[in-house]
Amino acid sequence: MSGSVVVAGLGPGDPMLVTPEVQVALDRATDILGYIPYVARIAVRPGLILHPSDNREELARAHHALELARQGHHAVIVSSGDPGVFAMASALFEALEEGAYDGNMDIRILPGITAMLAAAAKAGAPLGHDFCAINLSDNLKPWSIVEQRLRMAARGDFAMAFYNPRSKSRPNQFARVLEILREECEGQRLVIFARAVSTPDEALRTVTLEQATPDMADMRTVVIVGNSLTRQVGQWVYTPRAVTASGP
């Protein structure tokens, strides 16, 4: 009996933002695996087994899903947002690389709406020109790499979207992020703090870089920093599509 592994993005929180393709995979699944809060979003039904696990257990989760598939199960690993953006898709391929990939196994990655894109849409169009996404957590990379990438992105005048800006275990690093941005960018640069977008706890706040403070962000916040041309039109923030030949 042939099983399958699907890695699916549940979007930022609102069930309306789960794609039809992902919903079909969830309806077909025999097993759902994922971080505890994400598995909690899945409705219990007969024939479905839920396998919640803690954070930082991504590789074990991926190996578990692959083993279930070898036994003929249809395993779906759920991530919030998009599974390919700082999430479980990469962990699955790491597990495959570790464990002699079976080329006959049915593996699919199903995209979802990222927190970054949901936040940008709520704000207007701050990512309307070239942009980059940076995970500010140093769990899987040295902090020196985070600082280097921040400076290079700022010097390249990219709009930037930051994931995992601040947590209980990393309460002070976001202050350093703001220091670096102030060293590289003008103080009037627009910064959007988008917390829990598409959930009942949603909160959106736009300030200038000189007004931004570390306590405006937590782990449920995506921070979007505009480029030098990003501006406001009424309540909306947008980045123009055109840049002069000499650059901003």
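Numbers for residues simply follow the sequence, beginning at 1. Remember, predicted model here, so these are calculated numbers, not experimental data.
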Can you give each donor-acceptor pair under 3.5 Å made by side-chain atoms of residues 14-25, sequence neighbours left out, with the distance rounded to 0.1 Å?
unit_1 : atom_1 : unit_2 : atom_2 : d
D14    : OD1    : M16    : N      : 2.9
T19    : OG1    : V22    : N      : 3.1
Q23    : NE2    : D27    : OD1    : 3.0

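Contact between P165 and R170 at its shortest, heavy atoms only, is O-NH1, 3.8 Å. Taking each heavy atom of S198 and G13 in turn, the nearest pair found is OG-N, 3.4 Å. Closest approach of I113 to P12, counting heavy atoms only: O-CD, 3.4 Å. Of all non-hydrogen atoms in P240 and L229, the two that sit nearest each other are CD-O, 3.4 Å. Minimum interatomic distance between R166 and P214 (heavy atoms only, all atoms of both residues): CD-O, 3.3 Å. Shortest non-hydrogen contact noted between A91 and L59 is O-CD2, 3.6 Å.
Here the side chains of V76 and D31 are not in contact, with every heavy-atom distance at 4.5 Å or above. Considering only heavy atoms from C-beta on, L33 stays 4.5 Å or farther from V39 through its side chain. Taking the side chain as every heavy atom from C-beta outward, I192 and P126 approach each other to under 4.5 Å. Within the 4.5 Å cutoff, the side chain of R195 has no heavy atoms near those of the E202 side chain.
A salt bridge links R176 with E183; the closest basic N to acidic carboxylate O contact falls under 4.0 Å. By the 4.0 Å N-to-carboxylate-O rule, R241 lies too far from D130 to be salt-bridged with it. In this structure, R155 pairs ionically with E184, as a charged nitrogen and a carboxylate oxygen lie closer than 4.0 Å.
Other cluster members for L209: I134, L136, W143, V146, L150, M160, F162, F174, V177, L178, I180, L181, V191, F193, V207, M216, V223, V225, joined by side-chain heavy-atom distances under 4.5 Å among Ile, Leu, Val, Met, Phe, Trp and Tyr. As a member of the Ile/Leu/Val/Met/Phe/Trp/Tyr network built from side-chain separations under 4.5 Å, M152 groups with nothing else and remains a singleton. With side-chain heavy atoms closer than 4.5 Å counting as contact, directly or through intermediates, I49 stands alone and belongs to no larger hydrophobic cluster.
Between the side chain of T239 and the main chain of H129, no donor-acceptor pair closer than 3.5 Å is present. Judged by distance alone, the side chain of N227 and the main-chain N or O of T230 form a donor-acceptor pair under 3.5 Å. K122 places no side-chain N or O within 3.5 Å of a backbone atom of L117 that could act as its donor or acceptor partner.
Each of R231, Q211, E210 was checked for a side chain to side chain contact (heavy atoms under 4.5 Å, CB included) with Q188, and the lone residue meeting it is E210. With V6 as reference, R108 is the one residue of R28, R108, H74 to meet the side chain to side chain contact (heavy atoms under 4.5 Å, CB included) rule.
With 3.5 Å as the limit, one finds a donor-acceptor pair spanning the side chains of H63 and E98. S53 and R61 share a donor-acceptor pair across their side chains, judged by distance under 3.5 Å alone. When only modelled atom types and interatomic distance are considered, T199 and D201 share no side-chain donor-acceptor pair under 3.5 Å. Between the side chains of D82 and T114, no donor N or O sits under 3.5 Å from an acceptor N or O. Side-chain contact annotation: S137 with N139, donor-acceptor N/O pair under 3.5 Å present.
I77 and L110 fall into different hydrophobic clusters, defined by Ile, Leu, Val, Met, Phe, Trp and Tyr side-chain heavy atoms under 4.5 Å apart, directly or through other members. Both L26 and V44 sit in one connected hydrophobic cluster of ILVMFWY residues. Membership requires side-chain heavy atoms under 4.5 Å apart, directly or through other members. Under the 4.5 Å side-chain heavy-atom criterion for grouping Ile, Leu, Val, Met, Phe, Trp and Tyr, V7 is not connected to Y38 through any hydrophobic cluster. Residues Y35 and Y163 do not share a hydrophobic cluster, defined by chaining ILVMFWY side chains whose heavy atoms lie under 4.5 Å apart. Transitive grouping of hydrophobic side chains (ILVMFWY, heavy atoms separated by less than 4.5 Å) keeps F86 and V78 in distinct clusters.
Residues passing the side-chain contact (heavy atoms from CB on, under 4.5 Å) test with L48 are A29, I32, I42, R45, L50, sequence neighbours excluded. Shown here are the side-chain contact (heavy atoms from CB on, under 4.5 Å) partners of S90, two or more places apart in sequence or in another chain: E94.
The environment of R205 atom CZ is sparse: at most 12 non-hydrogen atoms of other residues, nucleotides or ligands sit within 6.0 angstrom.
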